[in-house]
Amino acid sequence: MFTNACEGVKKIHKAEILALIGAVLLLIGSIISLYGLWAGENTSSGEGLLVSGGLIVIIAALLMIIASIMNIIGVSRASKDEPAFKNALIALLFGIAANILVSAFSGNPTISSIGKSVVNVTEILASYYICTGIINLADRLGSSDVSARGQKVRSILMGIWVAAAVLNILSTVFGTNAAMQNVIGIIAIVSGIISIIAYFLYIGLLGRAKQMLAR
């Protein structure tokens with residue numbers, strides 16, 4: 001019945017799996033880099049760990065970029081059948097603009113911090129509206145179990161994403177303080193773990209939605 005939504009949710013599902021892989025790699029890279037800092041960046045072992053961690057983080061970032069592109073394509077397709085996905089698309093596009101702002105003003109801590117905060121907010125909004133779109137589709141199809149699951153996951157995700165966003169903001173605020181590097185590393189790891197938990201919940205909901213729409 002909702003062909004566009006079905007294809008769109010399939011694409012979003014794949015994108016989030018790719019993003020999950022990126023999040024896991026980002027967590028691994030952060031842990032390795034933190035060990036490098038503890039080992040001492042001026043030692044051969046510490047320097048090697050920092051380089052290795054940095055490379056893993058770069059790979060994770062590339063996967064995240066690919067996932068973001070796939071996500072936008074999927075949300076755009078799904079928006080043809082369900083208006084809530086249009087709001088998610090707007091949030092994602094604002095997120096891209098904010099990321100460009102962060103890159104352009106990377107040397108300005110204030111603007112960079114504001115840009116990263118905006119990115120976090122747009123990610124939270126996009127997740128909210130995608131979940132809402134799934135709930136609306138489930139209601140229209142009379143799938144009460146998916147609708148109830150969507151409402152529950154949406155509430156949990158909002159709490160998790162907000163917590164992760166706060167941790168990311170703290171990391172950005174103290175990012176220029178050399179004495180806080182170890183603390184920043186620990187914050188990054190905690191944020192990564194929280195994000196991975198969120199991805200599993202989110203992917204589970206998308207999987208159920210995909211099955212519902214494919215019937």
Side-chain angles (χ1 to χ4, degrees), residues 1-27 60 63-96 99 118-168 190-215:
M1 186 181 296
F2 300 110
T3 306
N4 290 311
C6 181
E7 293 302 317
V9 169
K10 284 180 181 178
K11 183 72 72 174
I12 297 169
H13 186 247
K14 291 178 182 176
E16 292 304 327
I17 290 174
L18 195 60
L20 172 60
I21 295 171
V24 171
L25 288 177
L26 186 61
L27 177 61
L63 289 176
M64 293 288 197
I65 291 171
I66 296 170
S68 296
I69 294 171
M70 290 175 62
N71 201 23
I72 289 172
I73 294 172
V75 170
S76 178
R77 181 74 182 271
S79 67
K80 296 178 181 179
D81 285 340
E82 168 52 46
F85 288 100
K86 292 180 181 179
N87 293 328
L89 181 60
I90 292 171
L92 289 171
L93 293 176
F94 268 106
I96 291 174
N99 267 316
V118 172
V119 170
N120 288 328
V121 171
T122 58
E123 289 175 348
I124 292 170
L125 287 174
S127 299
Y128 176 85
Y129 284 118
I130 289 172
C131 288
T132 300
I134 291 171
I135 294 167
N136 292 344
L137 287 169
D139 289 338
R140 290 161 71 181
L141 289 169
S143 182
S144 58
D145 58 329
V146 175
S147 177
R149 177 70 175 177
Q151 293 177 51
K152 183 177 181 180
V153 169
R154 183 177 63 182
S155 298
I156 295 172
L157 280 179
M158 290 307 100
I160 290 176
W161 285 132
V162 169
V166 170
L167 289 173
N168 286 330
V190 173
S191 177
I193 292 171
I194 291 174
S195 296
I196 288 170
I197 293 171
Y199 276 121
F200 272 112
L201 290 170
Y202 194 28
I203 289 170
L205 176 61
L206 289 167
R208 286 197 178 195
K210 184 176 69 172
Q211 293 174 0
M212 175 189 71
L213 293 166
R215 292 171 191 165

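Along the sequence shown, the residues carry numbers beginning at 1. Values in this document were obtained by computation on a predicted structure and should not be read as measured data.
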Non-neighbouring partners of [X] that pass side-chain contact (heavy atoms from CB on, under 4.5 Å), sequence neighbours left out:
X      : value
Gln211 : none
Leu92  : Asn71, Ile72, Val75, Ala126
Ile196 : Leu20, Ala23, Val24, Leu27, Phe200
Leu18  : Leu63, Ile66, Ala67, Met70

Between [X] and [Y], which heavy-atom pair has the shortest distance, and what is it?
X      : Y      : answer
Ser147 : Asp139 : OG-OD1, 2.7 Å
Cys131 : Leu157 : SG-CD1, 3.8 Å
Ile135 : Gly150 : CD1-C, 3.6 Å

Candidates Val121, Val119, Leu125 - the one meeting side chain to side chain contact (heavy atoms under 4.5 Å, CB included) with Glu123: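 Checked Val121, Val119, Leu125 against Glu123; only one passes side chain to side chain contact (heavy atoms under 4.5 Å, CB included): Val119.
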From CA spacing to verdict: side chain to side chain contact (heavy atoms under 4.5 Å, CB included), Leu213, Leu141: CA-CA 9 Å; Leu213 293 166; Leu141 289 169; 3.8 Å; yes
Residues in ring-ring contact (aromatic ring centres under 6.0 Å, His included) contact with Tyr128, at least two apart in sequence or another chain: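 So Tyr128 forms no ring-ring contact (aromatic ring centres under 6.0 Å, His included) with any residue.
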Under the side chain to side chain donor-acceptor pair (under 3.5 Å) test, residues paired with Ser79 that sit two or more places apart: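 Per chain and number, Ser79 pairs via side chain to side chain donor-acceptor pair (under 3.5 Å) with no residue.
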Under the side chain to side chain donor-acceptor pair (under 3.5 Å) test, residues paired with Thr122 that sit two or more places apart: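 Partners of Thr122 by the side chain to side chain donor-acceptor pair (under 3.5 Å) criterion come out as none, since no residue qualifies.
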Atom CZ of Phe2: over 12 foreign heavy atoms under 6.0 Å: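 Count over threshold, so yes.
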Donor-acceptor under 3.5 Å (Ser68 side chain, Met64 main chain):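 It does hold such a pair.
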Using the salt bridge (Lys or Arg N to Asp or Glu O under 4.0 Å) rule, collect all pairs that involve [range], keeping only residues at least two apart or in two chains.
range            : value
residues 204-215 : none
residues 148-168 : none
residues 9-27    : Glu7-Lys10
residues 76-95   : Glu82-Arg140

Pairs where residues 130-161 contributes a residue and the test ring pair (Phe, Tyr, Trp, His ring centres under 6.0 Å) is met, not counting sequence neighbours: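 Checked against ring pair (Phe, Tyr, Trp, His ring centres under 6.0 Å) - neighbours excluded - the pairs reaching residues 130-161 are Trp161-Tyr199.
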Pair Ile160-Leu201, side chain to side chain contact (heavy atoms under 4.5 Å, CB included): steps then yes or no: CA-CA 10 Å; Ile160 290 176; Leu201 290 170; 3.9 Å; yes
Atom pair OH (Tyr202) and CD1 (Ile130), whose distance is rounded to the nearest 0.5 Å: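 Taking OH in Tyr202 and CD1 in Ile130, the distance rounds to 3.0 Å.
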OG1 on Thr132 to CG on Leu137, rounded to 0.5 Å: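 Here the interatomic distance stands at 11.0 Å.
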